[in-house]
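Below is one structure, written out as C-alpha cells; comments come after it.
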Amino acid sequence: MKYYDKLIFELSKEGRTGCSLGSSPFAAAGTNPADHFPGQGAERREAEVVPGAAIPENLLRGEAPALPEVSEIDVVRHYTNLSQMNFGVDTGFYPLGSCTMKYNPKINEEIAAIGGFQGLHPLQPACSVQGALEVYYNMDKALSAITGMAGFTFNPCAGAHGELTGLMIMRQYHLLRGDLARTKVIVPDSAHGTNPASAAVCGLEVVVVKSNADGLVDVADLKPLLGPDIAGIMMTNPNTLGLFEKEIGEIAALVHECGGLLYYDGANMNPLIGMVRPGDMGFDILHLNLHKSFSTPHGGGGPGSGPVGVCEKLLPYLPVPKVVKKEDGTFDVVGSSEKAAGQVSGFLGNFGVILRAYAYILMLGKQNVKLVGKYATLGANYIKESLKDCYKLPIPSICKHEFVFDGLVNDGSRKGTDDEREGATTLDVAKRLLDFGFHAPTIYFPLLFHQAIMIEPTETESVETLDAFIEVMRKIAAEAAEDPAILKSAPHNAPITRPDETTAARQPVLKFQDEA
Ligand SMILES: *Cc1c(COP(=O)(O)O)cnc(C)c1O
C-alpha cells in the first residue's frame, strides 16, 4: 500500500486547513474556516457570519460535520491519485463488447459546456430556450433519418430505460385497441440481460426463442411461439454475438402477421449507422444508446440517454413532453397527449448527453457517419482473425462490430499428470490483461458459451493499438499454455487484485466507516 492510498479521513489532522478565506466579509470571524465551527475554533456558526443566511434554527447543525482537516496538497494528491486508479477510454484501449466504449471527442464536451446550454433550467418558458428546443427537434429528425423511424422521445435516460419505455408503448398500443390478450414478449436466448428484465418490469411474460448453430434466431423455433397472446418480439441486430440476423425480413413478416410488434434493441447501433435502417428491416419501436454508438461518455451506470423511436402508426403513443416546430418557425413543448404511454423521467430527458450526441452527428456529417460501422467492423474482424488460433472461435463467420471467443485453445491444464493444475479461465485472461494496460473485454456474456470473451474494438482505435492488443493477447495465451499460475494470480500491478465480486455487489460498503 502506498502512503497516499489512505482515505482522506485517515489523512486528517486536527486544525490543518487547506485554504485561507483572507479578509472576505464572509469570513469575519478570522481566516481559518475551522473557526466557524464549535469545537474547532471560535464558538461561532457559519449561519451567524454569512449575512442574510436565514436558516431556521431547527435545521442548523448542533455540531460541526466530521469533515477531514487536510492541507491543499493533501487534497490535490488524494484526488489526483484516486483518478489514476481508474481506467477510462481516455487512458487506454477499452474493448468492452456490447458496450461500445469509443473515444468521446472533446468537441462534444466544449459544446455541452457553452454557457447558454449549461445554465438552462427545465422550467424556463419555451420562448427563452429556443436554441435548446431546436437541438431536440433536429436530433429527432437526425435519429429518425438514421434509423428509419417516424419520431423519437428523449424521455429515457439509459438503454434499459428506453426498453421499458418502448415496451410500455407496445402495451399501450395493444391495450387501447382492446387487444387485452397480448401479454407475452419473445426474447432470443442471445439477448442482452436487460431485455427480459425490462419485459418483466413492464408486466409482460417472457418467452425465449432459441438460436441456431450459426448463432442466429431459429425461425423454426420461433414459428410455434407466435399467436394471439404475443405482444411482440425484442431483437438486437447485429445480435450480441456480433452477427447480422439475416432472416430479419421473414421474422418481421411472421411477427406482424400474428399481430405483434417488433422491438429493436439499438444499444449497439454502431456497425449500422448510415448503412442499414432498422425501420427498413420492419422494426416498429427501438431505442438507441447515445452513450454508446453516439460517442457520449458512459460507465459505472451513467450518465446516459436512451431515446425511443417509433414508426408512423405508433407516434400517438410516444410519451410526452415533445418538442414541436410551429408554423412561424419557432419551437414549443407539447405537454400532453391522449394516447401517450407514461413518462419515465422528468422534463425532456438528459439534455447534456443529447447535446453531445448532436455535436458528434454534425461533426461526422452524412458521408463520414457511414465510415463508423465500416471501420468498427474491420477492426473487429482483424482482431478475430489474428487471434483465432489461440482462442476458441465458436462461430467463425464474418462478424460486425464485435465477436465472441469461448476461452483459450490451450488453457495449460495438465490433466492426468502428476502436477495436475487447473487451466486458465476467461476470468484469468481478463485479469492478466490489466497488467498490460488494457481494459478487459466483456466476459461470461453472452450466456451461450461457458468461457465467453466478447471483444469490441470500435472504429476509434488505430491499427497500431489493435496490433499491441493482439500481441498481448497472444502473449497471455502462451503464458497460459506454459504456466497458468501467472494468470491465476493476476493482476500483479493493479490497485486492487481480485475482490469478492459477489459480496461487493450484494453488500457494497459505499461510505467511510469510522472505527473510532
Ligand atoms: C448496453 C446495452 C443495453 C442497456 O443499456 P444501458 O444504458 O446500460 O441501460 C441494452 N441492450 C444492449 C444490447 C446493450 O449493449
Side-chain angles (χ1 to χ4, degrees), residues 89 94-102 104 143 147 153-168 185-202 206 211 215-217 233-245 248 262-273 278 283 285-309 344-345 349-350 352-354 356-357 373 376 380 399-404 439 441-448 452-458 505:
V89 78
Y94 210 132
L96 205 61
S98 190
C99 284
T100 316
M101 297 297 273
K102 65 166 80 176
N104 312 137
L143 296 182
T147 57
T153 172
F154 291 94
N155 230 238
C157 292
H161 218 192
E163 290 170 27
L164 177 60
T165 304
L167 290 166
M168 283 162 60
V185 61
I186 300 173
V187 179
D189 58 4
S190 64
H192 197 268
T194 50
N195 290 189
S198 301
V201 170
C202 194
V206 176
S211 302
L216 305 176
V217 166
I233 186 170
M234 295 181 88
M235 283 181 68
T236 309
N237 196 15
N239 64 25
T240 60
L241 295 171
L243 304 171
F244 192 84
E245 296 280 357
I248 187 60
L262 279 92
Y263 183 92
Y264 179 84
D265 178 341
N268 306 142
M269 179 76 189
N270 212 37
L272 300 194
I273 298 172
F283 286 97
I285 310 170
L286 61 73
H287 82 267
L288 298 171
N289 278 23
L290 299 186
H291 50 291
K292 289 182 182 170
S293 311
F294 294 90
S295 90
T296 75
H298 70 292
S305 174
V308 169
V344 294
S345 73
N350 207 342
V353 177
I354 294 158
R356 284 173 176 82
C399 64
K400 288 286 175 288
H401 61 305
E402 64 192 1
F403 64 93
V404 180
H439 196 281
T442 296
I443 55 172
Y444 300 112
F445 176 80
L447 306 178
L448 297 174
I453 307 178
M454 186 185 206
I455 297 176
E456 177 181 4
T458 85

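When a ligand or atom number is given, it counts from 1 through the structure's own listing order. Values below: all heavy atoms of this structure, side chains included; hydrogens, waters and symmetry mates excluded.
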### Query
At their closest point, which heavy atom of His161 faces which heavy atom of Ser345, and how far apart are they?
CE1-CB, 4.4 Å
### Task
Decide side chain to side chain contact (heavy atoms under 4.5 Å, CB included) for Ile285 and Leu262; before the verdict, give the C-alpha distance in whole Å, the side-chain angles of both, and the deciding distance to 0.1 Å.
CA-CA 6 Å; Ile285 310 170; Leu262 279 92; over 6 Å; no
### Message
Quick check for you: to the nearest 0.5 Å, what is the distance between Met235 atom CE and Tyr264 atom OH?
### Response
9.5 Å
#### Entry: Under the side-chain hydrogen bond (donor to acceptor under 3.5 Å, both in side chains) test, residues paired with Asn270 that sit two or more places apart
Lys102, Glu459
### Query
Run the side chain to side chain contact (heavy atoms under 4.5 Å, CB included) check on Leu290 and Leu143 step by step: do they pass?
CA-CA 10 Å; Leu290 299 186; Leu143 296 182; 4.3 Å; yes
### Query
Hey, which residues fall under 4.0 Å of ligand 1 on heavy atoms?
Ser98, Ala158, Gly159, Ala160, Glu163, His192, Thr194, Asp265, Ala267, Asn268, Asn289, His291, Lys292
### Summary
Separation between CG (Leu167) and NE2 (His287), nearest 0.5 Å, reads 10.5 Å
